[in-house]
Structure formats: structure tokens, C-alpha cells
Amino acid sequence: MSQLPINKKVIVLRQANALTTAAYSLTRNEKRIVYMAINAINNNGIRRNEHGQYPVDIVHSKFLSLFDSDATNISRDIANATKSLNKKEVIFYLPEEDGDDGEKALDGVSWTTKRSHRPRHGVTTIHFNSELVEVINKVDKEFTRVLMVEAGHLSNPYTMRLYESLRQWVKKGIVTFTVSWLCERYELPPSYSLRMPDFRRRFLHPSIDEINAKTRLAVTFEEIPDPERPRKVKSIKFKIKELDAKCDRLTSQKALTLEDAIQTYSDLSNNTCLPSQTEIDNLKQHIGQLGMEGFALTPEFFAQLKAAETANKK
């Protein structure tokens, strides 16, 4: 079983463009689990087992520290998300194989083949389909840079998909998608493709507002009419700009919690990054709770804590 490396400040996923542009619909927690799995596959060299599966551990405490979820039901939430993920597939369209009558050719690949839930140990292992891992691993040239924590804090899975698509084109700064493509690839509700007001009100406007408010992307858009039917919107042109990485609006706007204290403890223990003094103060406020929950508060840990405080004063 594979442990996931944690650095809450910046975890950059390399998501294959084939997956960014594929058609599928997942819940918010399912997306978060997929993000954690991609990160593990990218960085940990997850190995294929004797059954042809790729097992990835989703550690419940790490899920909490990354995404600030409700700790009360986290085990059941992860169990439910992995159960539903195990029944879903991702669609890769093959336009060159389409039928003469326009019927679309595709490959439908299941996300996972097995799940092992161990609430007593605080871990759920998901076994990824080997065919899908082949796609996930194709990140040598064509991939999308996704900031995992930033994406995982978005409130809606459709917004998360749009964020990924915009991330794919952030270096170019501009991209145009047809409304039909967005509806098809994100598997939006049928009414969105039939009624433009629904598409705007329930998807486009709130998604752009949230991406602008919670991520490092600054996005504007323009509706492009259909040349043959000028009153109908055919496409959306997006202009994308990445803000200075130092402008971390997400962490500056939210109050720190016990889960943040757990993350700071992990950062110090694993020496992954230097926590800010605010994060250290929050850790110290929750130190008693961490001790009661079994975290190792050794002399070495307190020495690391003191060293981090000293470094922040320089």
C-alpha cells in the first residue's frame, strides 16, 4: 500500500490531457479521491500488482488535511465515494472511428476495479484500472498542470472540470469551447444544452465567479453566436491569466482548523515545508488534541517546532 506525499501549500498534478478532455461525471469527493490517486501515481511509482491492478491508499487523515472536510463522517464519506466511483467509467471519444451515420465511437474505461475499506486503520485502498493508469502516466509532453488543493476546494465538480480545462490553456491565455462540447465532456444536465439561460445561471456564471474568487486564475469570457443562427450562442471564448503565486487567496480567507494543525504537524515531522507563524500558532492551540489522538509529540518534534519559529523570525 502506498502513502501519499502531502504538501498542502502547493501540490501540482500532471494530469494527462486525454483525461482533462475526456467525458465523465464525478461527485466532488470522487474528484478529490481521483486527484489524490493521480498524485500518488505521478510521484510514488505505484506498481502493478499480480492481478493487473494499481492499488492506491487514500489515507483518511490526509484527505481531511488537504480538503478541510467534516471529520465526523470522513470514513463513511470516503467509503461512499469509492463505492460509487467503482461503478463509473470515463469516456474517450474516437472521432476518426465514428459511424457513417454520425454515431460516435468511444472507449469506456472503468475508473477502478476494486476497493478495500479499512475504517479501523483510517485507510481506503482503491485499485485503479490498468488501462486508465496507462492514460494517467502519459504526462511526458501533453499534460495539464492542476493545483490539487486549489481544485479540491471548489464547491462543484462541474466547476472543477472547467478549472482543469482552463488550466490546460493558461499558457496560451485564451481558448474557445463550444457549448455542446462542454455539455458533452462534463456530462452536464440535459437542460443546460437545451436552454442557454440554465447553462449560464447554473453552470457558467457561478463557475467563473468561484474560480476567480478561490483560485490563482483570473478568467473572463465572451459568448460567441452561431454564424448561421445569430441569436443562438455556439461557443464560449475564455481569456485566462494566472495570478502571482504569492497571492494565495484561499489560505488568507479561511480560518485555520484542527485539520490545518494536523497538516502543519505533518509538514514539520516530514520536513516538507516551513509553516508560517500563523500555522504554527494554530498548531500550538491544538497540540493537546493532537496528543489525545495519538500523534507523536516527541522531543525531536518540539525541537523542529522551535526551529521553525526561529526561522520565521529571521
Side-chain angles (χ1 to χ4, degrees), residues 1-22 24 26 28-49 51-67 78 81-82 85-86 88-90 92 109-116 123-154 157 160-171 185 215-217 242 245 248 250 263 266-267 270-273:
M1 291 187 177
S2 309
Q3 296 290 316
L4 303 179
I6 297 298
N7 180 343
K8 188 173 182 177
K9 294 183 181 301
V10 179
I11 300 177
V12 180
L13 299 184
R14 289 169 294 146
Q15 179 170 281
N17 285 350
L19 188 57
T20 302
T21 59
Y24 64 86
L26 300 179
R28 187 189 193 202
N29 276 345
E30 289 166 2
K31 282 287 294 175
R32 289 169 162 180
I33 286 168
V34 168
Y35 285 150
M36 292 180 72
I38 291 174
N39 183 54
I41 293 168
N42 281 170
N43 299 310
N44 287 13
I46 304 297
R47 300 299 179 188
R48 186 172 180 171
N49 65 18
H51 304 295
Q53 307 158 328
Y54 288 79
V56 179
D57 284 357
I58 304 299
V59 179
H60 301 177
S61 61
K62 292 180 179 179
F63 186 99
L64 275 173
S65 67
L66 281 170
F67 303 121
I78 290 175
T82 54
L85 182 64
N86 203 45
K88 294 182 177 180
E89 65 177 8
V90 55
F92 299 98
V109 182
S110 60
W111 289 94
T112 61
T113 59
K114 177 184 175 182
R115 63 191 182 97
S116 301
V123 62
T124 301
T125 303
I126 50 177
H127 296 72
F128 263 69
N129 188 322
S130 60
E131 289 187 61
L132 189 57
V133 172
E134 288 181 13
V135 175
I136 291 172
N137 279 330
K138 290 180 179 178
V139 291
D140 53 339
K141 293 181 180 179
E142 297 184 352
F143 64 90
T144 303
R145 224 174 132 263
V146 176
L147 304 188
M148 182 168 78
V149 175
E150 189 169 88
H153 276 81
L154 295 171
M160 295 160 88
R161 290 295 313 273
L162 180 59
Y163 167 85
E164 294 169 12
S165 296
L166 297 175
R167 272 271 169 203
Q168 182 182 351
W169 296 95
V170 69
K171 287 187 177 180
R185 299 309 169 98
T215 79
R216 295 187 178 112
L217 297 184
E242 184 159 21
D248 194 349
L250 178 64
Q263 177 59 48
S266 175
D267 290 339
N270 297 320
N271 197 29
T272 54
C273 67

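Remember, predicted model here, so these are calculated numbers, not experimental data. Values below: every heavy atom of this structure, side chains too, minus hydrogens, waters and symmetry copies.
The CG atom of L19 sits 13.5 Å away from atom CD of E142, with the distance rounded to the nearest 0.5 Å. I78 CD1 to L85 CG: the interatomic distance, rounded to the nearest 0.5 Å, is 12.5 Å. Between the CD1 atom of I11 and the CG atom of N42 there is a distance of 11.5 Å, given to the nearest 0.5 Å. With rounding to the nearest 0.5 Å, the separation of NE2 in H153 from CG in L147 is 12.5 Å. Going from atom CD1 of I136 over to atom CD of E131 covers 12.0 Å, rounded to the nearest 0.5 Å.
Heavy atoms only, all atoms of each residue included: R14 and I38 are closest at O-CG2, 4.1 Å. Of all heavy-atom pairs between K138 and A16, the closest is O-CB, 3.6 Å. Closest approach of G152 to M160, counting heavy atoms only: CA-CE, 4.1 Å. Here the closest heavy-atom approach between residue P55 and residue R47 is recorded as CD-O, 3.6 Å. Nearest heavy atom pair, residue A18 against residue F92, reads O-CE2, 3.5 Å.
Side-chain atoms of N17 do not come within 3.5 Å of backbone N or O of T20 as any donor-acceptor pair. With hydrogens and angles ignored, the 3.5 Å screen pairs no side-chain donor or acceptor of D57 with any backbone N or O of V59.
In this structure, T82 and N86 have side chains that are not in contact, with every pair of non-hydrogen atoms separated by 4.5 Å or more. Between L26 and W111 the shortest side-chain heavy-atom distance falls below 4.5 Å. Side-chain contact between I33 and F63 is present, with heavy atoms from C-beta onward closer than 4.5 Å. With a 4.5 Å cut-off on side-chain heavy atoms, M36 and V56 do not count as touching. Looking only at side-chain heavy atoms (C-beta outward), I58 and V123 stay at 4.5 Å or farther from each other. Two residues are said to be in side-chain contact when any heavy atoms from C-beta on lie closer than 4.5 Å; S130 and R48 meet this criterion. Within the 4.5 Å cutoff, no side-chain heavy atoms of F143 are placed close to those of Q168. With a 4.5 Å cut-off on side-chain heavy atoms, H127 and N49 count as touching.
With respect to the salt-bridge test (charged N to carboxylate O, under 4.0 angstrom), the residues E242 and R167 qualify. Ion pairing of E164 with R145 is absent here, as no side-chain N (NZ or NE/NH1/NH2) approaches a carboxylate O to less than 4.0 Å.
Atom NZ of K88 has more than 12 neighbouring heavy atoms from other residues, nucleotides or ligands inside a 6.0 Å radius.
Side-chain contact of N129 with T113: a donor-acceptor pair under 3.5 Å is absent, judged by distance alone. Between the side chains of S116 and T125, no donor-acceptor pair of N or O atoms lies under 3.5 Å. Inspection of the Y163 and E150 side chains reveals an N or O donor paired with an N or O acceptor under 3.5 Å.
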Open item on the list: Assess the residue pair R32 and M148 against the criterion (side chain to side chain contact (heavy atoms under 4.5 Å, CB included)); give the C-alpha distance rounded to whole Å, side-chain angles, the decisive distance to 0.1 Å, and a yes or no.
Closed with: CA-CA 8 Å; R32 289 169 162 180; M148 182 168 78; over 6 Å; no
Open item on the list: side chain to side chain contact (heavy atoms under 4.5 Å, CB included), that's the test. Do Y35 and Q15 meet it? Break it down for me.
Closed with: CA-CA 9 Å; Y35 285 150; Q15 179 170 281; 4.3 Å; yes
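Figure legend: R185 and Y24 shown without cation-pi pairing, the cationic atom not lying both under 6.0 angstrom from the six-membered ring centre and within 45 degrees of its axis.
Looking at residues two or more places apart in sequence or on another chain, you find a side-chain contact (heavy atoms from CB on, under 4.5 Å) between E89 and I91.
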